[in-house]
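Below: one structure, written as structure tokens.
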There are 2 protein chains.
Amino acid sequence: MRADDPARQERLRALNLELVLRRLLAAPGSMSRTELASATGLTRPTITRIVEELIAGRLVTETGATSDGRAGRPRMGLQLSRSGPAGLGLDIRTDGLAACVVDLTGSVRHLAFAPFTDPEAPAVLDRLGRMATEAVEAATREGLTVISATLAVPGPTDGGIVRTAPALGWRSVDAGALLEERIGHLGLACAVDNEANLAARGELRAARSHTDGVLDHFVYVSGSLDIGAGIILDGRPLRGSHGWGGELGHVTVDPEGKPCRCGARGCLQTYASLAAILGGETLPEGTTPDAAISAWADAGRPETLAALETAAHALGVALANVLNLLDIDTVLLGGSFALLSSWLISGVQAEVNQRVLSAAWAPITVRPATLGPDAAAIGAAASVIDRIGADPAAWLAAQR
Amino acid sequence: MRADDPARQERLRALNLELVLRRLLAAPGSMSRTELASATGLTRPTITRIVEELIAGRLVTETGATSDGRAGRPRMGLQLSRSGPAGLGLDIRTDGLAACVVDLTGSVRHLAFAPFTDPEAPAVLDRLGRMATEAVEAATREGLTVISATLAVPGPTDGGIVRTAPALGWRSVDAGALLEERIGHLGLACAVDNEANLAARGELRAARSHTDGVLDHFVYVSGSLDIGAGIILDGRPLRGSHGWGGELGHVTVDPEGKPCRCGARGCLQTYASLAAILGGETLPEGTTPDAAISAWADAGRPETLAALETAAHALGVALANVLNLLDIDTVLLGGSFALLSSWLISGVQAEVNQRVLSAAWAPITVRPATLGPDAAAIGAAASVIDRIGADPAAWLAAQR
């Protein structure tokens, strides 16, 4: 291993590229080359060369000369490009389908929504294909280049295949390939991942870009079509050995409880899914389940309030298990649970306080997630962008 | 960042040291310098220099000239030292106290056991202090140098402090400092960690040193004084945000179940602890709980068989939650549960097969752990040695 080994030089260059881009990704506004040099410890000539590469690869733009208020030459600001690569996120959620485009700065540049009634895979994927086309057209008009897509689905996935999505009645659906077929004219690869994992990623990003401090460990509970969880530990998604972790909906609340679609009994799903909270009640024409539950609870309807209390306690029991096993002290209620959080939080909090061993000396926070129902679509789009941030050298090489 | 930067050279040296030691740690027998060079990609002069450092630091010894059966110079074998640094592990378990010394090769060089009756912290720590002294004397007679100690305790820890160990009635006991006081004449630092975490580490090491293949993801269930779990994901212990993860004993099996010592209801503990299986039965004079249960089950005593079946199903329900959340497919029953495994496995297997969503396409294995009741003591001693392997440069520097 000699210092002038070409493979070694290449690796060093890749690391330095990543270092500089990471600084820019973390900076709220623009930075000068001098600031970048002092923040990274790299020499000024190295910075100049790297910045050239980043500009040529459309990852960074110059903001023009700005004065820093002191004497001397005005500095030339650098910032992440708002007209460079972008990610496309697609999501299948309780109340419909969503498509979202996120740029390199993490800003949402396009967000569209369509209700759906037919959960069959071909119908859903046809509609998503059309939404993807519209999203890419909208992004192109803004000067962005969508580089790939990620689809969020309510169930465990394996490569592009949805292993099972009970809420949709899907089993072993190759959603990645089926969607790629439909958007072949766009030339985009399409990854597929669990919606709770992607929503948790979205929330992690949102927490980092806001000033509410570090949020390195949390459980994101997705109250979407099915109940799932995305777990963030040490600032990274905990995916399990195959990526099938976070099946909170099938955590047992009562082993002798009601039968669940999965074949077991007493799963959280049977207490706290929107269907369980509705309890067979017919929805008023044109409303979604969460809107109906929310309206009935607002109106003080006793059956709805009782069902919400049951759901909250069951959620608390299941979450206490997660917290006891993983030693995490923050719970974000997302999806429909964010909308219903005012009726859920106290029940969940009571159960976790009583059941989590460490709650006696390390208080547990239960609060609504910040991104609302769009968390998974935003997280899916951001996951595309995150791949550039993780290895900018590979991305730049692919552009040549 | 220049290639001749001294800090950089130092980092490179540390990485190369680690690389070489890791190769030797993974090798079943001895390796020559030439083999090390080709296995690590380092030059022959670099290997020669590193080996010199490792020999001087007593981490590696030369085995003398051996012929590899081919023509030419006989090669000089290198192997991990069996008379260098060693780790001391101490454990507080169901049936008594254990002390164990492990050398750099991972071999157990000393293992002692003492029954105890008084669970008060001073009495336990006095006894452990005497056992530590005897273990260090025994190790010294074999030419080993015990470098530090790790104590395994049945509960969550924080630095050297035991937050709570309900089975012992301990709360906020600074076991690390109290033990260091008692073994002050040995000059050893004493770390404290959860016994299930340490036992899982021990099992991970055992799996790697055997030929039964890779075991990168598993849940180790400790049926010791209390029920705990050590979780290994991607070959590393999953400790949670403060290291308090794995509280399997307080996973809820039935929210309306029997009250638990922790203040909640229906914890796994209330169904599957040895006390729960014994059900208030008086132990025959001189037997331990697990030996008594095992003897009664062998004799076909109906109450014992029924209690074991209840325990197995409760364990299965709690473990299914872990597997659903973490996407792990192997369960090792350890501690007393290893001894009782023939009465537990089928019930546990039935519950996890029914309740784990991915079991339909990825079968789950439930089997007894391999190290038996000594897993935590061995894991504790090995954790001392693992610290040398993780940063040999720091260890060598401290020797100077």
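Throughout, protein chains are lettered first and strands after them, A, B, ... in sequence-line order, and every chain is numbered starting at 1. Everything numeric here is computed off the predicted structure, so don't read it as measured data.
- The number of heavy atoms from other shown groups lying within 6.0 Å of CZ (A:Arg23) does not exceed 12.
- For the set A:Glu256, A:His313, A:Glu247, A:Glu351, the entry with the most heavy-atom pairs within less than 4.5 Å of chain B is A:Glu247.
- Residue A:Ala362 touches chain B through its side chain alone, counting heavy-atom pairs closer than 4.5 Å.
- When every heavy atom of A:His250 is checked against every heavy atom of B:Asn321, the shortest pair comes out as O-OD1, 4.4 Å.
- Taking NE2 from A:His217 and NE2 from B:His242, the interatomic distance works out to 7.0 Å, rounded to the nearest 0.5 Å.
- Both the backbone and the side chain of A:Pro255 come within contact range of chain B, each with at least one heavy atom under 4.5 Å from a heavy atom of that chain.
- Of the listed residues B:Val317, B:Asp254, B:Thr46, B:Thr164, the one with more heavy-atom pairs under 4.5 angstrom with chain A than any other is B:Val317.
- The minimum heavy-atom distance between A:Asp327 and B:Gly245, with the atom names listed, is CB-N, 3.4 Å.
- Across B:Ser241 and A:Leu233, no two heavy atoms sit closer than the pair N-CD1, 4.1 Å.
- More than 12 heavy-atom neighbours from other residues, nucleotides or ligands sit within 6.0 angstrom of CZ on B:Arg49.
- No more than 12 heavy atoms of other residues, nucleotides or ligands shown are found within 6.0 angstrom of CZ on B:Arg22.
- Summarising the geometry, atom CG belonging to A:Asn324 is positioned 7.5 Å from atom SG belonging to B:Cys267; distances are rounded to the nearest 0.5 Å.
- Within the 4.5 Å cutoff, the side chain of B:Leu326 has heavy atoms near those of the A:Leu326 side chain.
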side-chain contact (heavy atoms from CB on, under 4.5 Å) between B:Asp158 and A:Trp361: does it pass, once the steps are laid out? CA-CA 11 Å; B:Asp158 198 358; A:Trp361 62 86; 5.6 Å; no
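- One finds the CD atom of A:Gln354 at 8.5 Å from the OG1 atom of B:Thr252 (value rounded to the nearest 0.5 Å).
- Ranked by non-hydrogen atom pairs under 4.5 Å with chain B, the options A:Leu323, A:Val322, A:Ile328 are led by A:Val322.
- When every heavy atom of A:Arg265 is checked against every heavy atom of B:Arg355, the shortest pair comes out as O-NH1, 2.7 Å.
- For chain B, the nearby parts of A:Leu248 are the backbone and the side chain; heavy atoms of each come within less than 4.5 Å.
- Only the side chain of B:Leu238 comes within contact range of chain A, with heavy atoms under 4.5 Å apart.
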